[in-house]
Amino acid sequence: MAERKFDRIYTLEEYLQLEKAEPQTRYEYVDGMIYAMAGGTIKHGMLISNTLYWVRESLKQKGSTCKTFSGDVKVAIPSSNAYLHPDVFVVCGAIDDEENPNQAIKNPKLIIEVLSPSTQNYDQTHKFRLYRSLASVDEHVLIDQEKAIIESFMKTADDQWRIRTFVGLAQTFELRSIGVQIRMQDIYQDVM
């Protein structure tokens, strides 16, 4: 997981001020605790760039008005008093940022995380629980940076989560929540 920055409870305002004061470091905020996010590797950065590009291009090709965002933009989770930085996420429809205008978005439809050895457990458990508490989230995708493996967790009509796993560069995976398909070799280009 990310490294805890301080050992006391912080207000949301203090957290937002810290992010403004130190823009070179990303912080996440969970119920009063501030966590400094670990710096990414070259592979991690390339996977995020490739994913952001191909998701955006796929949406553009199908004429979608959905919007893609990188980890520079926060996702607010009011029920857990949390602000997180997903690697890539998509919003379809109007952006809900009324709680903190231009600070954080509350209605992502799709969340994508590139797994790092140091944050893998946190991304797969605690962060996933936080994301799925948002009613708008229909799909959560995990991209492995060590092997060509992508896992997609899709919310069903009865609020259950169904997992699909895609293995190998020859696969094409589907982001059902936004209705696009992307080749694994495009996501892993120049990585594997």
Side-chain angles (χ1 to χ4, degrees), residues 1-49 51-53 55-56 66-145 151 153 155 159 161 177:
M1 176 178 168
E3 177 185 333
R4 189 156 67 190
K5 178 74 175 164
F6 304 104
D7 288 329
R8 72 170 174 89
I9 303 298
Y10 286 81
T11 66
L12 175 59
E13 292 73 28
E14 289 173 315
Y15 161 69
L16 294 173
Q17 286 174 359
L18 177 64
E19 279 219 320
K20 273 187 190 171
E22 297 182 28
Q24 71 282 3
T25 304
R26 289 189 326 184
Y27 295 98
E28 292 191 335
Y29 178 81
V30 180
D31 203 24
M33 300 304 295
I34 296 175
Y35 299 91
M37 301 309 294
T41 63
I42 292 170
K43 280 203 275 189
H44 190 267
M46 290 182 77
L47 285 166
I48 292 169
S49 295
T51 302
L52 185 64
Y53 174 80
V55 169
R56 181 176 285 143
C66 294
K67 297 156 211 63
T68 55
F69 295 90
S70 69
D72 292 336
V73 178
K74 294 182 283 297
V75 168
I77 304 170
S79 65
S80 298
N81 195 24
Y83 286 77
L84 305 174
H85 288 273
D87 290 323
V88 175
F89 67 98
V90 175
V91 174
C92 296
I95 293 172
D96 182 355
D97 68 344
E98 70 181 52
E99 190 170 292
N100 286 294
N102 296 315
Q103 294 289 326
I105 293 174
K106 296 188 330 186
N107 63 326
K109 183 176 190 66
L110 166 66
I111 302 271
I112 301 173
E113 293 282 4
V114 175
L115 298 176
S116 297
S118 62
T119 63
Q120 184 170 345
N121 187 49
Y122 173 63
D123 287 343
Q124 291 173 318
T125 57
H126 187 66
K127 216 169 180 183
F128 181 38
R129 277 192 296 274
L130 291 169
Y131 288 140
R132 68 180 188 231
S133 71
L134 290 170
S136 64
V137 174
D138 288 331
E139 189 170 13
H140 183 244
V141 174
L142 300 173
I143 298 174
D144 192 307
Q145 73 172 295
E151 294 180 316
F153 296 84
K155 185 167 48 175
D159 283 339
W161 289 85
S177 61

*Asks:* Closer than 3.5 angstrom, by distance alone: can the side chain of Asp138 be matched with the main-chain N or O of Lys155 as a donor-acceptor pair?
*Replies:* no
*Asks:* What is the distance from atom CD1 of Ile95 to atom NZ of Lys67, rounded to the nearest 0.5 Å?
*Replies:* 5.0 Å
*Asks:* Can you find a heavy atom in the side chain of Asp87 that is under 4.5 Å from one in the side chain of Thr51?
*Replies:* no
*Asks:* For the CG atom of Leu130 and the CG atom of Asp31, what is their distance to the nearest 0.5 Å?
*Replies:* 9.5 Å
*Asks:* Do Glu19 and Tyr29 get their side chains close enough for a donor-acceptor pair, meaning under 3.5 Å?
*Replies:* no
*Asks:* Please report the interatomic distance CE(Met37) to CG(Leu84), rounded to the nearest 0.5 Å.
*Replies:* 8.0 Å
*Asks:* Is any side-chain heavy atom of Val137 closer than 4.5 Å to a side-chain heavy atom of Leu134?
*Replies:* yes
*Asks:* For Lys109 versus Cys92, what's the shortest heavy-atom pair and its separation?
*Replies:* CD-SG, 3.6 Å
*Asks:* Using side-chain heavy atoms (C-beta onward) and a distance below 4.5 Å, is Val30 in contact with Ser80?
*Replies:* no
*Asks:* Give a yes or no answer on whether the side chain of Lys20 reaches the backbone of Tyr15 with a donor-acceptor pair at less than 3.5 Å.
*Replies:* no
*Asks:* Among all residues two or more places apart in sequence or in another chain, which pass the ring pair (Phe, Tyr, Trp, His ring centres under 6.0 Å) test with Phe153?
*Replies:* Phe128
*Asks:* Would you name the heavy atoms of Ala76 and Tyr83 that are closest together and state the gap between them?
*Replies:* CB-CE2, 3.5 Å
*Asks:* So, does Asn107 use its side chain to make a donor-acceptor pair with the main chain of Ala94 at under 3.5 Å?
*Replies:* yes
*Asks:* Taking side-chain hydrogen bond (donor to acceptor under 3.5 Å, both in side chains) as the test, write out the residues that go with Lys127, two or more places apart.
*Replies:* Glu28, Glu113
*Asks:* Is the shortest side-chain heavy-atom distance between Ser136 and Pro108 below 4.5 Å?
*Replies:* yes
*Asks:* Can you find a pair of side-chain heavy atoms, one from Ser49 and one from Leu47, that are under 4.5 Å apart?
*Replies:* no
*Asks:* Can you see whether Tyr10 has Arg8 sitting over its ring - NZ or CZ less than 6.0 Å from the centre and within 45° of the normal?
*Replies:* yes
*Asks:* NZ of Lys43 to OG of Ser116: how many Å apart, nearest 0.5 Å?
*Replies:* 10.5 Å
*Asks:* May I ask you to say whether Arg132 pairs ionically with Glu139, meaning some side-chain N is under 4.0 Å from a carboxylate O?
*Replies:* no
*Asks:* For the atom pair CG (Leu52) and OG (Ser70), what is the distance rounded to the nearest 0.5 Å?
*Replies:* 6.0 Å
*Asks:* With a cut-off of 6.0 Å (strictly less than), are more than 12 heavy atoms of other residues, nucleotides or ligands near CD1 of Ile42?
*Replies:* no
*Asks:* Measuring only between side-chain heavy atoms, which start at C-beta, is Val141 closer than 4.5 Å to Ile111?
*Replies:* no
*Asks:* With heavy-atom distances below 4.5 Å as the criterion, would you say the side chains of Thr41 and Gln145 are in contact?
*Replies:* yes
*Asks:* Can the ring centres of Phe69 and Phe89 be said to be less than 6.0 Å apart?
*Replies:* yes
*Asks:* Are any side-chain N or O atoms of Thr25 and backbone N or O atoms of Glu22, one a donor and one an acceptor, separated by less than 3.5 Å?
*Replies:* no
*Asks:* If we only count heavy atoms from C-beta on, is the Leu115 to Leu142 side-chain gap below 4.5 Å?
*Replies:* yes
*Asks:* Donor-acceptor check, side chain of His85 to backbone of Val75, threshold 3.5 angstrom: yes or no?
*Replies:* no
*Asks:* Walk me through whether Glu151 and Gln124 qualify under side chain to side chain contact (heavy atoms under 4.5 Å, CB included).
*Replies:* CA-CA 10 Å; Glu151 294 180 316; Gln124 291 173 318; 4.2 Å; yes
*Asks:* CD1 of Ile34 to OG1 of Thr11: how many Å apart, nearest 0.5 Å?
*Replies:* 8.0 Å
*Asks:* Does Arg26 have any side-chain hydrogen bond (donor to acceptor under 3.5 Å, both in side chains) partners at least two apart in sequence or in another chain, and if so, which?
*Replies:* none
